[in-house]
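Everything on this sheet refers to the single structure shown next.
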Amino acid sequence: MQYFKFAARVDRESSGGDGRRLLLTAIGQSNVSHEDAQQNAETRWAAMNKLVETPFANRDSRRSYEYGERPVAEELIKELWDEQGSLVGALTRNRYGAIILNTPHVGFFDIDFPEPTTTRASTSWFGLFRKAAKPSDLESQPDASRRELIQKLDLYPSLSFRIYRTAAGFRVVVLNRLLNPDSEETKQLFQDLGCDKLYCRLCQTQECFRARLTPKPWRCGLPQPPGRYPREHPKQQQQFATWLQRYNAAMSKVSVCNWVQEVGTHPLLGEIDFVLSIHDAFTIHDTPGKLA
């Protein structure tokens with residue numbers, strides 16, 4: 001499981017391969033000290049600078065360097081230790097301010113509803129614009145998707161699952177077996193359940209499963225937080241503190257998940273039960289609100 005206690009940033013101009021001036025930001029992370037994180041940021045900035053100074057460096061190569069090559073920079077909020085003194089997870093805050101549950105062995109799988117099918121409005125040039133799906137189609141989608149999901153889960157008789165409803169689809173948790181995010185079994189589950197490929201890759205890079213515990217801010221009527229972690233300037237820290245106060249007030253009115261059902265009869269493992277107790281305390285409210 002990849003997370004870091006210290007982070008530092010380097011913001012510095014560079015000359016691009018085409019002669020333009022670019023502002024490059026490199027973020028370094030460390031579990032040793034802030035100074036070590038700063039050195040890591042300097043090293044990373046130098047590597048980024050070398051890349052952008054290369055003539056004709058293509059956009060895809062720059063993006064591949066930034067995405068999936070190293071753990072994402074997220075603020076560590078709390079480490080999670082069970083009663084036996086084992087580290088079973090960590091809470092971090094992601095780039096848009098939501099709290100993320102990171103856990104090395106409790107298998108979380110988020111499945112989004114398929115995009116509604118659309119039809120041509122006309123065969124004329126106005127047909128370039130597509131009609132929205134009928135409301136009746138959208139209303140029947142969750143039940144149809146749930147039945148399809150259960151059929152997929154039934155193909156794994158040795159496993160038990162818990163299903164939650166989310167704003168965009170379903171969240172599935174394996175209840176009776178600890179998993180490795182990079183194992184062949186997990187990769188098969190990712191594929192069979194139709195999980196987002198970028199999410200799968202992120203879980204493998206972070207060496208853990210990830211589950212969002214608090215709402216996306218735009219679903220609460222809020223913008224994304226100002227600045228980017230680590231916020232080292234006092235003004236940025238104050239702006240973020242103001243945003244966080246508004247976010248905490250807004251998220252009390254919505255839910256991230258609603259419990260749907262369980263599939264399978266195998267007993268729940270203790271470590272999974274402990275992690276799910278934290279997950280449910282954040283995501284499920286006594287009075288279910290709008291899913292966000």
Side-chain angles (χ1 to χ4, degrees), residues 1-3 78-92 98-113 142-197 199-204 206-215 255-286 288 291:
M1 181 170 58
Q2 296 277 4
Y3 66 92
K78 185 179 180 63
E79 294 174 319
L80 303 176
W81 302 81
D82 65 12
E83 294 179 353
Q84 287 71 44
S86 299
L87 181 66
V88 297
L91 303 183
T92 59
I99 296 176
I100 304 297
L101 170 62
N102 304 265
T103 174
H105 299 302
V106 180
F108 284 88
F109 301 84
D110 279 6
I111 304 104
D112 289 346
F113 291 138
D143 284 341
S145 296
R146 179 178 58 83
R147 290 192 295 269
E148 182 180 350
L149 174 60
I150 291 173
Q151 290 176 352
K152 293 178 179 178
L153 298 180
D154 284 340
L155 297 177
Y156 288 86
S158 65
L159 299 178
S160 289
F161 304 90
R162 181 176 297 174
I163 304 173
Y164 298 87
R165 172 73 189 277
T166 66
F170 296 103
R171 174 172 293 170
V172 173
V173 186
V174 175
L175 300 179
N176 67 309
R177 185 181 302 171
L178 299 177
L179 301 174
N180 183 325
D182 201 35
S183 71
E184 292 304 316
E185 181 180 27
T186 297
K187 290 176 183 178
Q188 192 64 51
L189 276 165
F190 279 144
Q191 179 177 320
D192 290 347
L193 299 182
C195 297
D196 179 73
K197 291 182 179 179
Y199 167 76
C200 302
R201 182 177 175 183
L202 182 59
C203 288
Q204 291 161 5
Q206 298 293 114
E207 300 177 7
C208 65
F209 296 93
R210 290 166 60 87
R212 179 171 55 84
L213 300 185
T214 60
S255 300
V256 171
C257 292
N258 287 336
W259 185 90
V260 177
Q261 69 181 85
E262 293 189 0
V263 176
T265 59
H266 303 287
L268 176 65
L269 291 184
E271 179 177 328
I272 298 175
D273 187 27
F274 175 76
V275 170
L276 285 180
S277 69
I278 297 170
H279 171 273
D280 291 358
F282 272 91
T283 59
I284 299 178
H285 294 172
D286 293 336
L291 289 173

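Treat the numbers as computed from the prediction; the structure is a model and nothing was measured.
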Taking only residues two or more places apart in sequence or in another chain, which ones pass salt bridge (charged side-chain N to carboxylate O under 4.0 Å, His left out) with Arg165?
none

Among residues at least two apart in sequence or on other chains, which ones pass salt bridge (charged side-chain N to carboxylate O under 4.0 Å, His left out) with Glu83?
none

is_close_aromatic(Phe109, Phe170), centroid dist under 6.0 Å:
no

Only counting residues at least two apart or in another chain, list the ones meeting side chain to side chain donor-acceptor pair (under 3.5 Å) with Arg210.
Glu74, Asn102

Residues passing the salt bridge (charged side-chain N to carboxylate O under 4.0 Å, His left out) test with Glu148, sequence neighbours excluded, are Lys152

Centres of the Tyr164 and His279 rings: under 6.0 Å?
yes

Going by salt bridge (charged side-chain N to carboxylate O under 4.0 Å, His left out), name the pairs with one or both residues in residues 264-284, residues two or more places apart or in two chains.
Arg162-Asp280

Is a side-chain donor or acceptor of Thr214 paired with a backbone partner of Ile99 at a separation under 3.5 angstrom?
yes

Without swapping roles, check the side chain of His266 against the backbone of Pro157 for a donor-acceptor pair under 3.5 Å.
yes

For Phe113, does its backbone N or O pair with a side-chain atom of Ser145 as donor and acceptor, under 3.5 Å?
no

Taking only residues two or more places apart in sequence, or in another chain, which ones meet Gln204 in a side chain to side chain donor-acceptor pair (under 3.5 Å)?
none

Knowing that exactly one of Val173, Val106, Thr186, Asn180 qualifies, which makes a side chain to side chain contact (heavy atoms under 4.5 Å, CB included) with Phe209?
Thr186

